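Heads up: the structure comes next, in structure tokens.
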Amino acid sequence: QVQLVESGGGLVQPGESLRLSCVASGFTDSTFANYFLSWYRQVAGKERELAAGLGSDPEGIIYADSVKGRFTISRDNAKNTMYLEMNDLKVEDTAIYFCKARSMPFSRDEAWGQGIQVTVSS
């Protein structure tokens, strides 16, 4: 099963930026390049929600309306790593952020990262 390890979280002030990274290993179905990648976030006491997703085709990028224009999801297949660049952070972006990888096309291998805290506060 694919394993995911996140890094790059922390505390920032409103308007600042953070870049989250998620390194993948242990693929059991295809290679990293063929995995659909996504970032979710979960505010304390609320359901986990999709923030951004990215397939092997760049036309497959999706963003939640709340982050569109501020967040950018990307991948480096040579490093088995996915990223979430978060710009102009707002207090409401405060959440635990999770990366997720799912093999395509049949989702035979799927896993979540452990989650990493992002706090935006003045």
Side-chain angles (χ1 to χ4, degrees):
Q1 183 182 41
V2 59
Q3 297 178 348
L4 307 174
V5 179
E6 301 166 352
S7 62
L11 190 154
V12 297
Q13 294 183 338
E16 296 184 339
S17 300
L18 279 177
R19 189 194 195 195
L20 304 182
S21 300
C22 178
V23 179
S25 62
F27 306 107
T28 59
D29 184 34
S30 190
T31 62
F32 183 75
N34 293 323
Y35 279 67
F36 182 85
L37 309 175
S38 56
W39 287 94
Y40 287 72
R41 63 184 186 179
Q42 186 170 16
V43 177
K46 297 184 178 181
E47 295 183 357
R48 191 174 301 180
E49 298 179 342
L50 177 68
L54 174 65
S56 58
D57 188 335
E59 295 181 353
I61 299 175
I62 56 175
Y63 293 102
D65 288 340
S66 57
V67 309
K68 192 175 300 182
R70 299 187 298 117
F71 289 13
T72 302
I73 186 172
S74 62
R75 65 196 299 162
D76 187 337
N77 291 333
K79 297 181 178 180
N80 293 335
T81 302
M82 59 185 294
Y83 306 95
L84 185 67
E85 181 72 32
M86 303 181 292
N87 298 312
D88 190 25
L89 282 162
K90 305 179 183 299
V91 172
E92 51 264 41
D93 294 319
T94 296
I96 299 175
Y97 285 73
F98 300 85
C99 59
K100 180 184 179 181
R102 171 171 52 85
S103 63
M104 296 184 293
F106 303 118
S107 300
R108 294 189 176 105
D109 188 21
E110 185 178 62
W112 294 86
Q114 78 285 354
I116 190 166
Q117 180 70 46
V118 172
T119 301
V120 185
S121 176
S122 60

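Starting from 1, each residue takes its place in the sequence as its number. In this text, all values refer to a predicted model and were calculated from it rather than measured experimentally.
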Exercise. Show your working on side chain to side chain contact (heavy atoms under 4.5 Å, CB included) between L89 and E16 and close with a plain yes or no.
Key: CA-CA 6 Å; L89 282 162; E16 296 184 339; 5.6 Å; no

Item to complete: Please lay out, stage by stage, how F32 and V2 fare under the test side chain to side chain contact (heavy atoms under 4.5 Å, CB included).
Response: CA-CA 9 Å; F32 183 75; V2 59; over 6 Å; no

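Summarising the geometry, atom CZ belonging to R19 is positioned 10.5 Å from atom OG1 belonging to T72; distances are rounded to the nearest 0.5 Å.
Within 6.0 Å of CD on E92 lie more than 12 heavy atoms contributed by other residues, nucleotides or ligands.
Linking ILVMFWY side-chain heavy atoms closer than 4.5 Å, directly or via other members, places I73 and V23 in two distinct hydrophobic clusters. Neither Y63 nor F36 shares a network with the other; the hydrophobic side chains, linked directly or stepwise wherever heavy atoms of I, L, V, M, F, W or Y lie under 4.5 Å apart, form separate groups for each.
Below 30°, between 30° and 60°, or above 60°: for W112 and F98 the angle between ring planes is above 60°, a perpendicular geometry.
Contact annotation: the side chain of E6 never approaches that of L20 to less than 4.5 Å [non-hydrogen atoms, C-beta and beyond]. Between Y35 and M82 the shortest side-chain heavy-atom distance does not fall below 4.5 Å. Under the 4.5 Å side-chain criterion, counting only non-hydrogen atoms from C-beta, Q3 is not in contact with V5. Between F27 and N80, the closest side-chain pair of non-hydrogen atoms falls below 4.5 Å. At a threshold of 4.5 Å between non-hydrogen side-chain atoms, the residues S38 and L50 count as touching. F71 places none of its side-chain heavy atoms less than 4.5 Å from the side chain of W39.
Scored by the salt bridge (charged side-chain N to carboxylate O under 4.0 Å, His left out) test, D93 finds R41, R70 as partners (sequence neighbours excluded).
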